[in-house]
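Inspection log for the structure reproduced underneath, given as C-alpha cells.
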Amino acid sequence: MSTMTFSRAINAGLRKAMDDDPKVLLMGEDIGKLGGVFRITDGLQKDFGARRVVDTPLAESAILGTAVGLAYRGYRPVCEIQFDGFIYPAFDQIVAQVAKLHYRTQGKVKMPITIRVPFGGGIGSPEHHSESPEAYFTHTSGLRVISVSNPQDAYSMIRQAIACDDPVLYFEPKRRYHTKGEVNENQDLAQMPSMESAQVVVPGTDVTLVTYGPLVQTAREAAMAAADEGISIEVIDLRSLAPLDFAPLEASVRRTGRLVITHEAAQSGGLGAEIAASITERCFSYLEAAPVRVTGFDIPYPASKLEKHHLPDLDRILDGVDRALGRPNSLSGLEG
Amino acid sequence: MSTMTFSRAINAGLRKAMDDDPKVLLMGEDIGKLGGVFRITDGLQKDFGARRVVDTPLAESAILGTAVGLAYRGYRPVCEIQFDGFIYPAFDQIVAQVAKLHYRTQGKVKMPITIRVPFGGGIGSPEHHSESPEAYFTHTSGLRVISVSNPQDAYSMIRQAIACDDPVLYFEPKRRYHTKGEVNENQDLAQMPSMESAQVVVPGTDVTLVTYGPLVQTAREAAMAAADEGISIEVIDLRSLAPLDFAPLEASVRRTGRLVITHEAAQSGGLGAEIAASITERCFSYLEAAPVRVTGFDIPYPASKLEKHHLPDLDRILDGVDRALGRPNSLSGLEG
Amino acid sequence: MLKDKTAPTAGFAEPDMIQLVTATGARVSHPDFDRWLEDIDADRLGALYEDMVVIRRIDTEATHLQRQGELALWPPLLGQEAAQIGSGRALRRDDFVFSSYRENGVAYCRGVDLTDLLRVWRGNVSSGWDPFEINMATPQIIIGAQTLHATGYALGIQNDGADCAAITYFGDGAVSQGDVNEALVFAASFQVPVVFFCQNNHWAISEPVGLQSHVPIADRAPGFGIPSLRVDGNDVLAVLAATRIALNRARTGGGPTFIEAVTYRMGPHTTADDPTRYRDANELEDWAAKDPITRLEALLTHAGLFTPELQAAVAATADAVAKEMRAGCIGLPEPEPMDVFDNVYSTPNSWLERQRDHYSRYLDTLADAEGSN
Amino acid sequence: MLKDKTAPTAGFAEPDMIQLVTATGARVSHPDFDRWLEDIDADRLGALYEDMVVIRRIDTEATHLQRQGELALWPPLLGQEAAQIGSGRALRRDDFVFSSYRENGVAYCRGVDLTDLLRVWRGNVSSGWDPFEINMATPQIIIGAQTLHATGYALGIQNDGADCAAITYFGDGAVSQGDVNEALVFAASFQVPVVFFCQNNHWAISEPVGLQSHVPIADRAPGFGIPSLRVDGNDVLAVLAATRIALNRARTGGGPTFIEAVTYRMGPHTTADDPTRYRDANELEDWAAKDPITRLEALLTHAGLFTPELQAAVAATADAVAKEMRAGCIGLPEPEPMDVFDNVYSTPNSWLERQRDHYSRYLDTLADAEGSN
Ligand SMILES: Cc1ncc(C[n+]2csc(CCOP(=O)(O)OP(=O)(O)O)c2C)c(N)n1
Ligand SMILES: Cc1ncc(C[n+]2csc(CCOP(=O)(O)OP(=O)(O)O)c2C)c(N)n1
Ligand SMILES: [Mg+2]
Ligand SMILES: [Mg+2]
C-alpha cells in the first residue's frame with residue numbers, strides 16, 4: 001500500500017501494464033517528453049522509449065485509426081485524448097471501426113484498445129476542455145466504458161482496461177487528479193473486483209444516490225451532510241458505464257425505494273436517462289417516487305466563471321435527494 | 001393536394017425552400033447530376049445550377065465545416081449525408097461547431113444549417129447503410145433533431161427545418177421513401193403545425209405507443225392488429241426528437257397509464273431511455289406499469305439477412321404492448 | 001516564385017504516366033522499371049493474364065448472381081484488373097492488405113476462398129473472410145478509414161523489426177477524406193513501411209476525379225514528404241514494377257510510397273448504380289479501347305505467347321472458378337437468428353446477455369404461438 | 001523517377017524562405033515582392049513598428065494579468081508579431097478572418113475592442129467579440145476546424161460575386177489535422193478566394209514541427225493544386241507582401257493561396273505550459289536573435305527613421321493600450337448565473353425553458369435558505 005495522487009496512480013498502472021506486456025504502447029499528443037498536459041505519462045517515454053510512448057502528429061482520427069492497425073498487428077495501444085472535447089475528430093474511427101471490427105469479422109479481429117479521456121469540468125478552463133461526452137460512447141455497441149473515482153480504481157482499472165480484449169473508454173475525472181489515496185499495487189488482475197462492477201461506497205437506507213467519476217466525491221460529501229439531517233444516503237459508484245452493473249443498484253433501490261442519479265453531462269439523453277429507465281423497468285413496484293436526475297443542463301459547456309451554475313454540486317444533489325424523498329425542495333408545488 | 005412519394009415530397013420541399021430564399025443551397029456527395037443515391041435532389045441542379053446544388057468532394061467533415069462558413073456569410077446550407085453511417089467523420093464539426101457557435105458567440109452567429117440524413121434499416125444494405133444515430137444528436141445541446149414519417153411531414157418539415165435559424169438534423173426513414181401520400185403544397189410556414197410538436201396519429205385508450213420515423217407505419221399497423229384483439233393503442237409520432245414535445249405524451253399516458261416506446265436504434269442510451277425517464281418523472285403517479293422499450297439490440301447493425309432479427313416489427317411491438325398491459329408476453333414469469 | 005501547379009491537366013495527359021506496354025501491346029523499355037520485371041518470363045506473363053481473366057470472370061459472375069437475386073449487391077472491378085493483379089501479385093505472403101470494397105481482384109491474389117468472397121455481398125455476414133488467413137483485412141466501406149489502419153499496422157511492423165510491408169488500396173474519391181491525408185502525415189512522420197495504392201478509376205460514384213483534384217493525385221504525396229509514382233493502371237507490368245519498387249523501399253527502411261494507378265471504372269459504381277445518369281457514353285468507349293486485358297493479349301500476341309493452349313487453359317480455369325464460386329454462393333447456409341448477438345464483444349457483456357436471453361424467449365413464444373395456430 | 005522530397009530539411013534552411021529584411025535589418029530587394037510594398041513609406045513603416053510593439057505589449061500585459069489571477073489563461077504570441085501584423089495589415093475591412101486562439105495581434109489589426117479581447121480569457125464568456133463587427137470569427141480552439149469555415153465563407157464570397165477574401169490562420173501542428181487538408185481539397189476544387197496562413201512557430205505545445213512534417217509545410221499545398229509561398233515570418237515586410245499577393249490572387253479569381261510564415265513561439269504554449277520540460281534553451285536563444293521587433297528597429301535605424309520621437313510615440317501608445325486593456329479587464333462585470341441558459345438556441349426550446357425555470361426556482365430556494373439562516 002502506498003499513498004499517491006490520482007494522476008500518479010494512473011501513471012503507475014500504465015507503467016505496470018507496460019512492464020507486464022511488451023505489446024502495450026501509448027500514443028497521443030504531447031505524452032512523451034512533456035508527459036502529457038496533465039503529466040499522466042510523466043517519465044514513461046524516458047523509461048520505455050519513443051517506440052512505446054509515441055508522441056503522434058496532431059490528429060485524433062489518425063491516433064485511433066493507427067491504433068486499429070496496431071491492434072491488427074497484435075499490439076494493445078493505449079491512446080490519450082488530450083481533453084474530452086478533442087475526441088470528436090476521432091469519433092468515426094471509434095464508432096465505425098474500433099467498436100465494430102470484432103463484430104464485423106465475426107470475432108476474428110480483436111480491438112484491445114484503451115482510450116484514456118480526461119473529462120469533466122471544474123478546472124476553470126475554456127470551451128472544449130470540460131466536457132462529459134460519455135453518453136455518446138455508452139450508446140455505441142461494441143465499446144466498454146468505465147470511469148474511475150479514486151486512486152485505487154484509477155490504478156486497478158487502467159490495468160484491467162488494457163488487459164481487456166475489447167475496446168475500453170477510460171474516463172478520468174481531471175478535477176480529481178490531485179486528490180490522494182491509498183493504492184495497493186500488489187494485486188493480480190485476477191484479484192481485483194471486476195471493472196464491470198458497481199460499488200456501494202457509502203451504505204445507506206433512505207435513498208440511493210448513483211454517480212461516477214468526479215461526482216463520487218461530491219456524492220460522498222452529500223451523504224455526510226444529509227446524515228447530519230438524519231437522512232441516510234446510499235452512494236453507489238458505477239465504475240462501469242457500459243455495461244451498467246444493475247445488480248447493486250436494484251438491490252439498493254429495492255431497499256430504499258428512491259433513486260437519485262447525478263452526472264455532469266447534459267440531462268437529455270445522458271446516462272442518467274438510461275439508469276432511470278432501466279431501474280424503473282427492473283424495480284417498478286419498489287419505487288416510491290420517480291428517479292430524480294441532477295445533472296448538467298442541456299447547454300454547451302459554459303464559460304468558466306459560470307461553470308458552477310452548470311455542474312451539480314452538493315446543494316443541488318441534496319435538493320434532488322429532497323425531491324426523491326418528497327421533502328420540501330426547489331420544485332415543491334410544481335406538479336410532476 | 002397532390003399524391004406523391006415520400007422522396008418526391010422532400011424534393012418538392014427543397015425546391016420550394018430554394019425558390020423562396022436565394023440563400024438556400026444544397027451540398028453533398030452525388031447530389032447534382034445523379035440527384036443523390038436516393039434521387040432526393042433529382043432535377044434540382046438542373047434547375048438551380050451548380051452553385052446552389054453543389055456536388056462536393058468526398059469529405060463529410062468538410063461538407064459541414066464549409067457549411068459553417070457559408071452560414072457565417074449569410075447562407076442557409078442544406079447538407080446531405082449520403083447514409084446514416086457516414087455522418088461520423090462530420091461529428092466534430094457538428095458537435096463542436098454547428099451546435100455550439102450560437103452559444104459561443106452569445107447569439108451573434110446563427111447556424112441555420114439543415115443536415116439531411118437518410119437513416120434506419122430494412123433495405124437489405126451492407127454495414128454502415130442502415131444505422132440510427134439520432135441519439136448522438138439528441139444528446140447534443142444546441143442542435144434540433146426531427147424525424148419525419150409521412151410525405152406531408154416530409155414536405156412541411158424540410159421547409160420548416162430550412163427556415164429555422166437553429167441547426168436542424170432531419171432524419172429521413174429511407175425504407176419509406178417509396179410510400180405515397182397526400183401532400184398539401186400550398187401551406188405557408190406559419191400555417192403548419194410546429195415542427196417541434198408531436199402528433200397523435202392513432203387515438204386510443206389502453207396504452208400509449210410512441211415512435212418516430214420508419215416505425216410510425218409499423219406502429220399504426222400494430223394498433224390495427226391490436227384493435228382486432230380489443231386493445232386500443234394510441235400511437236404518437238414524435239416528429240421532434242430534440243426537444244421532445246412531452247405535452248401530448250403526458251396527456252396520453254395520464255389517460256392510458258401505460259407506455260411503449262419503439263425505435264430501431266440500440267436500446268441502451270437510446271432515445272427511448274430519455275422518453276421513459278422523462279415520462280416517469282412527469283407522470284409517475286399515473287403509471288400502471290414501467291414504460292416498455294422495444295428497440296434494436298445493443299449490437300452493431302447486423303448483416304442484411306439478419307436485420308429482421310434486430311429491427312422491431314409488428315410482433316415485437318405487440319409483445320411490448322402485452323408487457324405494458326400485463327398480458328401474457330414473452331417475458332412472462334421473469335421478475336422485473 | 002509561387003509554386004503553382006494549378007495549370008490545367010484535364011484528362012491527365014498520358015505522358016505523365018509510366019507505361020511499359022502501349023495500348024496496342026508494344027513493350028516499351030524503362031530505365032528504372034525494367035529491372036523489377038526480370039523474372040517475368042512467358043509463364044509468369046501467362047499467369048498474370050490468367051489472373052486478370054479469372055477476376056474479370058469472377059466479377060461478371062458476381063454481377064450475374066446479383067441480377068439473379070443471389071447477391072444483395074456487388075461492386076464491379078471491371079476495367080481495373082491490371083491495377084489489382086499487378087499490385088496484388090507483387091505482394092508477399094507476410095505483407096498485409098487494407099483495402100476498400102472494390103479490391104476483389106486483390107483478395108483473389110491473396111488466395112481468398114471464393115465463397116468467403118461473396119458472403120458479405122449476399123448479406124450473410126458483415127465481412128467474409130478471416131483477415132489473418134490471407135493477411136488481408138475485409139472490405140472497408142467507410143471511405144479512406146483503412147489507410148490509417150495500414151499505417152498503424154506498418155508502425156507495428158516497424159516496431160517488430162520485421163521486413164514485411166502494409167499496403168492500402170483506396171480510390172480517387174478517397175483522397176479527399178481527412179483520414180487519407182492524416183495517414184500520409186503519420187506514415188511520413190514515422191517513416192513506416194506502407195504503400196498507398198490509389199486506383200484512380202476516374203469516378204467516385206457520380207463524381208469525376210476532377211472534382212476531387214485539379215492536379216494529378218500522385219502529386220499529393222510529395223508535399224507530405226512521401227515519394228510517389230504515377231503509372232498506367234491498365235498496364236499490368238507497370239503496376240507490378242511500381243508496386244515492387246514501393247514494397248522494396250518499405251522493406252528496406254525507405255518508408256512509405258504513394259502509387260497512383262490511372263485506370264477506369266468501366267462498370268457502374270455498384271450493381272445499384274446507373275452511370276448513364278451522369279457519364280458520357282463516349283468516355284466509356286475511349287476507355288474500352290484501353291482495356292487492360294486486351295492490352296495484355298496484344299502483348300502476348302506480339303511475343304507469340306497468345307497460343308490456343310493458353311487461351312483454352314485460362315478459359316477452363318475461369319469456368320471452373322466461376323462454377324465453384326456460384327456453387328459456394330448458392331450453397332451458403334442461412335445465418336441463424338441468434339447469430340445477431342455473437343461477437344459484439346470478446347468477453348461476456350451483461351447488457352447483451354439479457355437482450356439475448358429476452359430475444360430467445362421471444363422467439364420461443366413466437367414459435368409456440370405459431371405452433372398453436 | 002520517384003518524386004522524392006524526403007531529403008532532410010532540418011532547421012528549414014533559411015535560403016528556402018523569402019526574406020526582404022535580413023536579421024541585421026538590411027533591406028534586400030526581391031523582383032516579385034517589392035512592387036507590393038511601394039506604398040510602404042516612412043509613416044507606414046513606423047505604423048507597422050508601432051503595431052508590433054503594441055501587440056507585444058498587449059501580450060505582455062495579458063500574461064501579467066494572468067499571473068495576477070485576472071485572467072484564467074493566455075496564449076502568448078511573443079515572437080510572432082511580424083507574422084500577425086504583416087498579414088493582419090494586408091487585409092481589407094470586408095475580408096473575413098478565421099483564426100485560432102493565438103492571433104490576438106490579428107484581432108488588434110481588425111480593431112477589436114481591448115476588453116472584448118480578454119473576456120474569453122478571463123472566463124466570462126466563451127468568446128469575446130461580435131465577429132461581424134470586425135469581420136473576424138472569435139478564437140477557434142478545435143485545431144484546424146476554422147480552415148473549413150474560411151473555405152466555406154470564401155465559397156459564399158464567390159457565389160455572391162464579391163471581391164473580398166477569407167483568410168484563415170493556423171499553426172504548424174494544425175496541418176496534420178484532417179480538417180485542414182480537407183479545406184485544401186475544397187478550396188482547390190472550387191477555386192475559392194481564401195488564403196491559408198500557417199504560422200509555423202516550430203512547436204505544437206511540446207511537439208517540434210519535425211514531428212508533423214519532414215518537409216517544409218509550404219510544400220504541402222501545391223500537391224492539392226494550391227500555390228504556396230514560404231516567407232520569413234519574422235520579417236514583417238515579407239509577410240505583408242506575401243499576404244497582399246495572396247489576397248490579390250483571391251480577389252481577382254485566382255483562387256486559394258497557401259502561405260507558410262516561418263516564425264517562432266518564444267513563450268510557452270499558454271500560461272499553463274512549461275516549455276523548459278521539452279525545449280532546449282539554446283534554441284530559444286537562437287531565435288531571440290531573430291526577434292521580429294529588433295529586426296524592424298534595425299531596418300528603421302538603417303533608414304534613419306528610428307527617432308526618439310517615434311520611440312516615444314510608440315511607447316506612449318503601448319502604455320495607453322496596456323492601461324486601457326487592464327482597466328477594461330478588471331472592470332468587466334461578473335456574468336449572471338442565469339446567463340448559462342442564454343443563446344443555446346435562437347428560438348425558444350422547451351427542454352431548456354424547463355431547466356431554466358427549475359434552476360431559477362432552485363436559486364430562489366437557495367437564497368431563501370441562506371436568508372433564513
Ligand atoms: C465516409 C463515407 N462517405 C460516403 C460514402 C459513400 N460512398 C461509397 S463509395 C463512394 C465513392 C468512392 O469513390 P472512390 O474513392 O473513387 O472509390 P471507387 O468507388 O471509385 O472505387 C461514396 C461516396 C462512404 N462509403 N463512406
Ligand atoms: C482537435 C484538438 N486536438 C488537440 C488540441 C489541444 N491543443 C491545443 S493547442 C495544440 C497545439 C497546436 O499547435 P499549432 O497548430 O502549431 O498552433 P500553435 O499553438 O503553435 O499556435 C494542441 C495539441 C486541440 N485544441 N484541438
Ligand atoms: Mg474512384
Ligand atoms: Mg505551432
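All heavy atoms count here, side chains included; hydrogens, waters and symmetry mates do not. Note on naming: letters A, B, ... go to the chains in the order of the sequence lines (proteins, then strands), and numbering restarts at 1 for each one.
Residues C:Val215 and D:Phe224 share a closest heavy-atom pair of CG2-C, 4.0 Å.
Looking at residues two or more places apart in sequence or on another chain, you find a ring pair (Phe, Tyr, Trp, His ring centres under 6.0 Å) between C:Phe186 and C:Phe190.
Residue pairs meeting the salt bridge (Lys or Arg N to Asp or Glu O under 4.0 Å) criterion with at least one member in residues 157-175 of chain C, sequence neighbours excluded: A:Lys23-C:Asp160, A:Arg73-C:Asp160, C:Arg92-C:Asp163.
Proximity to chain D is limited to the backbone of C:Gln212, based on heavy atoms less than 4.5 angstrom apart.
Looking at D:Arg220 and C:Leu184, their side chains never come closer than 4.5 Å, going by heavy atoms from C-beta outward.
Between chain D and the residues C:Val185, C:Val180, C:Asp179, the most heavy-atom pairs under 4.5 angstrom are made by C:Val185.
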